[in-house]
*Asks:* 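I have a structure I would like to understand better, so I am pasting it below and will then ask my questions one at a time.
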Amino acid sequence: MFFSVRILGANSAVPNKNRFPTSQCISIGQEKVIIDCGEGSQINLSTYKIKRGKINHILISHMHGDHVYGLPGLLSSLNLGGRTEPLILIGPLGIKEFIEAVLRMTYVNLQFPLEVKELNHSSGKKLIESSSLIDIFAFPLKHRVPTFGYLLTEKRRLNIRSEAIQTYKLDISQIMAVKNGEDIVSQEGKTIPNAELAQWTIPRSYAYCSDTIYDPQLAPYIQGVDLLYHEATYLHELKSKADQHKHSTALEAGQIAKQANVKRLIIGHYSSRYDDLEVLEKEARQAFENTTVVQQGDEFKIE
Ligand SMILES: [Zn+2]
Ligand SMILES: [Zn+2]
């Protein structure tokens, strides 16, 4: 099953040409999840030909403008596009009031059901959504305002062994039964146990941590994920600025990846002061080698 992260924007604070603020589109099978929705997000949904109709969840980390100013525009466009499918919007306390006020003041009457879920837990990792394909967890980050990180974990499913279909000449109903975990009876009348016909997939996972101060308490929440996005607003030489604004340095992003024993780290939310993003990547690699600094438009496949 296809599982990827597309970067729609990765800048912090002020947008500029080719450096839109934070937004990502996660594709899992046919489902699409938007994480954060800074200004310009919907422009890049078009640029990268992402089908908006497939978006079923929008997750917002916190209520700073570089993460939410694109949201009312996106909802309005979905409405204009004739959406009737429900949409689930999740974010910290205040997101409901924000979106209702902007839509009301700009005369937008949504023609599709928008279910808004507000998060308000101050510790621990909580399961907040579950579809047939994924589980979504939220955990608090440490920033200047209430902020949440997200963990998307693929559900375990049974994959039929291709040779089993041929060996036992399985028909469609038998294939469905095997995928549901059942044993089957062969043409010779012998019971074939499910374990011989199918195997469980190893669930893949993606974690998103932006914006946050360096916080080793995050490590258990994101332990062993296949792909981690962690903010890296500054180089470590500006550590005091990072602490003051409750952001992380590239080196600290690498340290979190190492502590959490993740497979791969991607970093973003860099300050506009950095034209050369490779310096951030180089610094994070001092702590965690398998690091990539993201650029707008990049797509990371989770395999
Ligand atoms: Zn931010
Ligand atoms: Zn922020």
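Ligands are counted one by one from 1 in listed order, and the atoms in each one are counted from 1 as well. What you see is a predicted model, and the numbers here were worked out from it, not measured in a lab.
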*Asks:* In degrees, rounded to 10 degrees, what angle do Asp211 atom OD2 and His67 atom NE2 make at the Zn ion (ligand 1)?
*Replies:* 100°
*Asks:* In His62, what N, O or S atom is nearest to the Zn ion (ligand 2), if we give its atom name?
*Replies:* NE2
*Asks:* Could you tell me whether the Zn ion (ligand 2) has an N, O or S atom of His64 under 2.8 Å away?
*Replies:*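 Checking the Zn ion (ligand 2) against His64, an N, O or S atom does fall under 2.8 Å.
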*Asks:* So, Glu281 versus Thr291: side-chain donor-acceptor pair below 3.5 Å or not?
*Replies:* no
*Asks:* Taking side-chain contact (heavy atoms from CB on, under 4.5 Å) as the criterion, tell me which of Ile136, Thr153, Asp135 meets it with Ser130.
*Replies:*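 That would be Asp135; it is the only one of Ile136, Thr153, Asp135 passing the side-chain contact (heavy atoms from CB on, under 4.5 Å) with Ser130.
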*Asks:* Under 30°, 30 to 60°, or over 60°: which ring-plane class applies to His121 and Phe148, parallel, tilted or perpendicular?
*Replies:* tilted
*Asks:* Which is the closest N/O/S atom of His269 when seen from the Zn ion (ligand 1)?
*Replies:*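 Going by distance to the Zn ion (ligand 1), the closest N, O or S atom in His269 is NE2.
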*Asks:* Can you tell me if Asp66 has an N, O or S atom under 2.8 Å away from the Zn ion (ligand 2)?
*Replies:*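 Of the N, O and S atoms in Asp66, none lies under 2.8 Å from the Zn ion (ligand 2), which means no.
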*Asks:* Could you check whether Lys169 and Gln174, counting side-chain N and O atoms only, form a donor-acceptor pair closer than 3.5 Å?
*Replies:*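 Per modelled atom types, Gln174 and Lys169 side chains form no pair under 3.5 Å.
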*Asks:* Please say whether the positively charged group of Lys258, taken as NZ for Lys or CZ for Arg, lies over the ring of Phe288, i.e. under 6.0 angstrom from the six-membered ring centre and within 45 degrees of the axis.
*Replies:*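 Judged by the rule, Lys258 and Phe288 form no cation-pi pair.
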